[in-house]
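Throughout, protein chains are lettered first and strands after them, A, B, ... in sequence-line order, and every chain is numbered starting at 1.
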Amino acid sequence: MDTDREKGPDFIRQIVAADVAAGKNDGRVQTRFPPEPNGYLHIGHAKAICISFEIASEFDGRCFLRFDDTNPEKEDVEFVEAIKTDVRWLGFEWAELRHASDYFPKLYELAVELIRQGKAYVDSLSAEEIRDFRGTLTEPGRDSPDRNRSIDENLGLFERMRAGEFDEGQYVLRAKIDMAAPNINLRDPTLYRVRKVEHQRTGGEWCIYPMYDFAHTLSDALEGTTHSLCSLEFEDHRPLYDWLIRQLPVPYEPQQIEFSRLNLMYTVMSKRKLKRLVDEGRVSGWDDPRMPTLSGMRRRGYTPEAVRDFISRVGISKNYQVVELGALESSVREDLNENAARRFAVLRPLKIVIESYSEDDEELMEAANHPNRPELGSRTVPFCRELYIEHDDFREDAPKKFFRLVPGGEVRLRYGYIIKCERVIKDADGRVVELRCSHDPATRSGSDQSGRKVKGTIHWVSARHAVPAEVRLYDRLFKVPDPDRAEGDIEDLLNPESLEILSDAMLEPSLADADEGERFQFERQGYFVVETPLSAGHGVLTRTVTLRDSWAKVERQALATAGALA
RNA sequence: UGGGGUGUAGCCAAGCGGUAAGGCAACGGGUUUUGAUCCCGUGAUUCGCAGGUUCGAAUCCUGCCACCCCAGCCA
C-alpha cells in the first residue's frame, strides 16, 4: 500500500545515503532502537522504530533492539517482553538483541579510563548541592570542591563505590568538562550513581549504575552503531555524546541525528499521563483500545501495515509534529477496505415483519465477501419473514434527503428484496418498536426482473438466525485536540463518549465461528475486530474505525444551519 | 537575560538560487444494490515578519517576531 508513493527522501535518509556514498564507516549502516523498559510502547515509539529499522534495511544494514536498562528502580522484565512483542507485531526483527546492562563491565572500565585521563572525578556533593553548583540557564556554575581530587584518590573512591562501601547519594562520578559551559549538559554531568537496588537482569551484581548519557553513548559506540537516531530533546546532549566518544578508546564513532517526535491530536503521549489514565481507571489498561499504545491499537484492530503506512505518510522532519487523527484513520481504512471481508451486523436492532412473506419460507441469499474483489468469494445469509434492521435506518419524520425507510416508503434490502413500510408499531411511550412491511417478490437480488430502482439500500439480519453479541464502539479519548496544553481538570478534558457498549447487537450467522482477532467490515457501519469469539458464549466485537459517512456530515451541517436560523 | 532547535495551505510534508511536489482533511462532479470503495476536478501570485544581495530568493545575508527543548544522582 505504500509502494509507489513519490516523495523525496527525508533529511536523515539523505545524510545516511551521503555517508554510504562517501564510504564512511566502510559503507556500513547500523542503527538501533533503544527503549528503556519502564513502560509500554506507543505510536510515537512506532515512528522511532520504523525510522531505525527501515533505514537500516534500506541500506542493507542492521538494526539492534537495545534496552537502555540503566535505572533499575523503574525497569521491569514485564516491559521488556511487552516491547519485544510490540516491535515484532509492527513487523520488525532485530539483528541482535542487546541490553545496556550487557556492557556494565566494559562501561566500568571506560569510566576508570576516563578517571585515569583526569577527565572524571568522584564528587561528594549532595544532589541538592550539585544542583546548586550547576548554576542556572543564565549564570555559570561553580566548581565542586572535589573537582581537583587526585587521580589516584578518584580511582580508589570509584572502586569503593563499586564495592558497595558507600550509601546512595554519598558519592557520584562526574565528568570533568566545563562548569561555565552555556550548554548545561556540559557542566560536569553525572556519569555514575550508587543504587542499592536489584536490577532486572544483573540482579545484585552492581550497586553503581551508569547514567543515560554515559551508557547510551558508549553502548552505541561499542556495538557499532553508525547512525544513532533519536528525538529532538537529545539535541543538546550531542556535544556530550561527541565528547565521550572523543575521549575514550571505543571501536566505532557513531553519529547522532535527531528528529521530532510524533504527537496525535485528541490524545496524550507521555508515559506519565498514560500511566495516570490507567491508574485512575479512566481506561481498562495499557491495552485499552482507546490508548495510543501499540497494544491498544492492536486490540482496537489496527493492522501493523496501517500503522507503518501512517508513519511513512507523516514523514520525518524537525518540526513540532501534531497529526490529525483523520490521517491515522485514513491509513487504517485504506488497509481494511482492501482486506476485510464484508458482513452484516445490526447494531441497534429494529424488528420488521414482512407480512407478504410466508412464515414457512426461508431463503439463502448470496452475499459477496468483498464487492471489489470477487476472488474472495461469497457467503450466504438466511432471509425470512422477520428481520432486524438498523434503528437509524427508519425515520418517521425524515429530512429531505433521507433515503432509507420511512412510513409508506420503500427501500432495498441489500442482497434481498425491495420492501415497503406499511405500518409502524409503537409501545405505550410512543417509541417505534416494530415495522410491518411488504415485499416485492420480483425484486430479489440477482434475479430482479422488475427493473425498479429505489434510492436506499440497507443491511439486515434474519431474526430467526441472528446471533446476538456485544459491540463496543470506541471514539477519541479526549474531547480537546491538544489535551497536553489544555488547562483544567482531566475530568473536563476526557470524552465522555469514548466508549459506548451495545449489548444487543444482532449478527449474521456466519460470524458465529469467527476467530479472535479476525477483522470484518460490517457494511454501512465500519470495521470491527473480534475481541471475544462468539463461540465462547458471549461474543464481543470492537469497532476499529467507522466507514466514511458523508450522510452524517450532511445531516450535521443541516442541523447546524437549522440551529443558526432558529 | 544563556544554550540548542523550528517556522511552507486546516494537519503533515517536499523543496537545497531558476519561478511552490505529494498525502490527509475540505469542497464540487461521475460510477455504485455499502450515503463505503473507486474515478475526475478545485486550493499558496506566495513560503513567520521586515530589510538587503541577485537578472532571478521559500532557498543566500542582516535584523526582528513566535513557538518548542534544556538547570534529574530519569531516559
- Item | Separation between the P atoms of B:U59 and B:G17, rounded to whole Å |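 It comes out at 12 Å once rounded to the nearest Å.
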- P spacing across the pair B:G56 / B:G51, given as an integer number of angstrom: 16 Å
Would you indicate, yes or no, if [N] has its OP1 or OP2 atom less than 4.0 angstrom from a side-chain nitrogen or oxygen of [X]?
| X | N | result |
| --- | --- | --- |
| A:Arg134 | B:C73 | yes |
| A:Ser260 | B:G5 | no |
| A:Asn319 | B:G7 | yes |

- Query: Below 3.5 Å, does any donor atom in the side chain of A:Gln521 face an acceptor in the base of B:U34, or the other way round?
  - Reply: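 A donor-acceptor contact between them is present.
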- Donor-acceptor pair under 3.5 Å: do we get one between A:Glu324's side chain and the base of B:G10? yes
Across all strands shown, which nucleotide pairs with [N] by Watson-Crick or G-U wobble geometry, both distances under 3.5 Å?
| N | result |
| --- | --- |
| B:U6 | B:A66 |
| B:G51 | B:C61 |
| B:G72 | none |
| B:C27 | B:G41 |

Pairs under 3.5 Å (N/O, protein and nucleotides 41-44 of chain B):
none

- Task: Determine, answering yes or no, if A:Trp551 is stacked on B:G35 under the 5.5 Å centre rule and the 30° plane rule.
- Result: yes
Once you apply a heavy-atom cut-off of 4.0 Å, does [X] come out as touching a base, just sugar-phosphate, or nothing?
| X | result |
| --- | --- |
| A:Lys401 | base |
| A:Val454 | nothing |
| A:Pro371 | base |
| A:Tyr417 | nothing |
| A:Arg333 | nothing |
| A:Arg412 | base |
| A:Ile458 | nothing |
| A:Tyr209 | nothing |
| A:Tyr171 | nothing |
| A:Leu125 | base |
| A:Arg195 | base |
| A:Asn337 | sugar-phosphate |
| A:Gly446 | base |
| A:Arg131 | sugar-phosphate |

- Donor-acceptor side-chain pairing of A:Tyr103 and A:Arg98 below 3.5 angstrom: yes
- Item | Between A:Glu366 and A:Ser378: side-chain donor-acceptor atoms closer than 3.5 Å | yes
- Item | With A:Thr190 via side-chain contact (heavy atoms from CB on, under 4.5 Å) - residues at least two apart |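 A:Thr190: side-chain contact (heavy atoms from CB on, under 4.5 Å) contacts with A:Val172, A:Arg174, A:Met211.
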- Query: Can you tell me if A:Asp484 uses its side chain to pair, donor with acceptor, with the backbone of A:Val268 under 3.5 Å?
  - Reply: no
- Hey, does the Lys NZ or Arg CZ of A:Arg162 hover above the aromatic six-ring of A:Tyr192, less than 6.0 Å from the centre and inside 45° of the axis? no
- Salt bridge between A:Glu36 and A:Lys74, side-chain N to carboxylate O under 4.0 Å? no
- Task: May I ask you to decide whether A:Asp335 forms a salt bridge with A:Arg519, counting only side-chain N to carboxylate O separations under 4.0 Å?
- Result: no
- Residues from residues 340-348 of chain A lying under 4.0 Å of RNA chain B - heavy atoms: A:Arg342
- Query: Nearest-Å distance, CD (A:Glu329) to P (B:U37)?
  - Reply: 13 Å
- Item | For A:His459, ring-ring contact (aromatic ring centres under 6.0 Å, His included) partners two or more places apart | none
- Show the numbers, then the answer: is there a ring-ring contact (aromatic ring centres under 6.0 Å, His included) between A:Phe234 and A:His216? CA-CA 11 Å; A:Phe234 295 105; A:His216 180 87; 7.0 Å; no
- Message: Using the salt bridge (charged side-chain N to carboxylate O under 4.0 Å, His left out) criterion, which residues pair with A:Glu235? Sequence neighbours excluded.
- Response: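 With neighbours one apart ignored, the set is A:Lys318.
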- Message: Protein within reach of the bases, or only the backbone? For nucleotides 64-70 of chain B, mark each nucleotide 5' to 3' as B, S or -, using heavy atoms under 4.0 Å.
- Response: ----SSB
